[in-house]
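Only one structure is covered here, and it is reproduced in the block below.
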Amino acid sequence: MKKKTGFDRSTTLKWHPATRAVRGGTWRSEHGETSEALFLTSGYSYDSAEEVAARFAGEEQGMTYSRLQNPTVAMLEERIALMEGAEACRVQASGMAAMTTALLCQLSAGDHIVAAKAAFGSCRWLVDTLCPRFGIESTVVDGRDNDAWEKAIRPNTKVFFFETPANPTLDIVDMAHVCSLARAHGITSVVDNAFATAVLQRPLDFGADVVAYSATKLMEGQGRVLAGAVCGTKAFINDVLLPFQRNTGPNLSPFNAWVVMKGLETLDLRARRQSENALAVGKAIEGRVARILHPGLASHPQHDLAMHQMEACGPIFAFELPGGAAQAMRFLNALELVDISNNIGDARSLCCHPWTTTHYGVSPEVRLDMGVSEGLLRINIGLEDPRDVIADLEQALTKVGL
Ligand SMILES: *Cc1c(COP(=O)(O)O)cnc(C)c1O
């Protein structure tokens with residue numbers, strides 16, 4: 001397989017991010033296809049016994065087995081790394097496979113991890129339940145509190161782990177501060193950037209070491225496949241992450257990699273339009289709900305920090321109804337256009353009740369402590385005309401007496 005001349009890394013790095021998202025990492029076969037080829041193969045054949053031996057010895061480049069490399073998957077990895085401005089990227093079967101790999105590849109019994117308490121439910125499970133089971137100590141802090149990160153550091157602290165904006169409370173972590181604190185203590189910062197993507201926020205520019213993704217969300221963008229990704233330096237990806245990933249096998253299928261790659265071609269457009277739509281919808285309903293947690297609105301306590309770190313607010317925000325879980329569920333049932341769905345990043349507007357869905361797996365005390373109240377709803381604003389989404393939310397608010 002040959003790469004079109006001129007598509008080497010130094011050329012692609014000169015392109016602007018939107019160009020990298022469309023063109024980066026394209027390798028063309030001898031057929032010269034414009035849309036990237038889908039290599040649905042688990043194995044590879046060789047011209048000679050010496051050739052395969054040389055590949056296994058690392059003396060010759062080339063594919064050997066799709067748990068180790070696959071051309072379609074490799075194209076996606078190169079494209080994501082270019083978009084992120086990272087030296088390297090590896091993709092995994094889901095966002096949770098990416099988070100698990102990013103953490104466990106570098107942690108051992110006796111180490112300590114500090115994580116922000118506002119997080120996707122399964123991310124909290126990794127920190128609260130899985131890590132301690134393997135002798136890895138964990139501490140959760142209020143990610144918005146810069147001093148809390150510093151106070152939590154112990155001699156054996158190896159990793160800082162956080163989302164910004166966080167799912168579903170939209171808490172913002174001051175990346176420049178927290179990541180430089182980590183660096184100063186030899187701690188690796190791992191940032192889950194699912195809510196923003198590289199189009200809206202590039203954590204590496206703020207000193208992050210590792211950026212991890214649920215690519216299922218905005219990156220894929222149309223709610224079709226699960227995928228995850230981890231980006232970092234070549235040394236981290238090749239020497240720390242790859243031995244773990246290749247031997248444990250949380251790989252992304254070539255088909256799913258291909259679907260995500262097609263999604264990336266429209267990511268820049270979608271992320272910006274969905275952010276605009278989310279801001280319009282947030283402004284329209286702000287006065288009718290008990291509380292709105294929307295980084296793009298001046299009412300968000302960390303609005304300035306969010307807009308310093310992000311190019312736009314992203315498609316997701318949360319709001320609280322005063323009548324608790326019963327009213328929140330009646331509101332969901334009253335929606336006509338917006339779907340009741342716990343997915344996000346889709347081109348469709350989707351709304352869910354984290355208390356009974358995405359955060360059901362963490363205890364009620366932990367939910368309340370991270371800001372997930374019974375009346376909280378999380379919404380993903382899609383690519384519909386925002387006037388139709390606003391009309392739907394307004395009629396549902398009216399139906400529940402607000
Ligand atoms: C959805 C999500 C995940 C998990 O990703 P999957 O692709 O569903 O496994 C992790 N972190 C955040 C912030 C998410 O929104």
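Both counts, for ligands and for their atoms, begin at 1 and track the order of listing.
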Determine the interplanar angle of the F206 and H308 rings, folded into 0 to 90°, and report it as parallel if under 30°, tilted if 30 to 60°, perpendicular if over 60°. perpendicular
Could you list each N/O atom of ligand 1 together with any protein N/O atom closer than 3.5 Å, one pair per line with the distance?
residue  : atom   : partner : partner atom : Å
ligand 1 : 5 (O)  : S214    : OG           : 3.0
ligand 1 : 7 (O)  : G95     : N            : 2.8
ligand 1 : 7 (O)  : S214    : OG           : 2.8
ligand 1 : 7 (O)  : T216    : OG1          : 2.6
ligand 1 : 9 (O)  : G95     : N            : 3.0
ligand 1 : 9 (O)  : M96     : N            : 2.8
ligand 1 : 11 (N) : D192    : OD2          : 2.6
ligand 1 : 15 (O) : N167    : ND2          : 3.1
ligand 1 : 15 (O) : K217    : NZ           : 2.8

Holding to side chain to side chain contact (heavy atoms under 4.5 Å, CB included), I want the full list of residues that pass it with A235, two or more places apart in sequence or in another chain. T233, D239
Salt bridge (Lys or Arg N to Asp or Glu O under 4.0 Å) partners of E374, counting only residues at least two apart: none
Given the rule in the side chain to side chain donor-acceptor pair (under 3.5 Å) test, do R23 and T19 qualify, once you have shown the distances and angles that lead to the verdict? CA-CA 6 Å; R23 295 273 184 175; T19 309; over 6 Å; no
Is it true that atom NZ of K399 has more than 12 heavy atoms of other residues, nucleotides or ligands lying nearer than 6.0 Å? yes
Could you pull out all residues at least two apart from R20 that satisfy salt bridge (Lys or Arg N to Asp or Glu O under 4.0 Å)? none
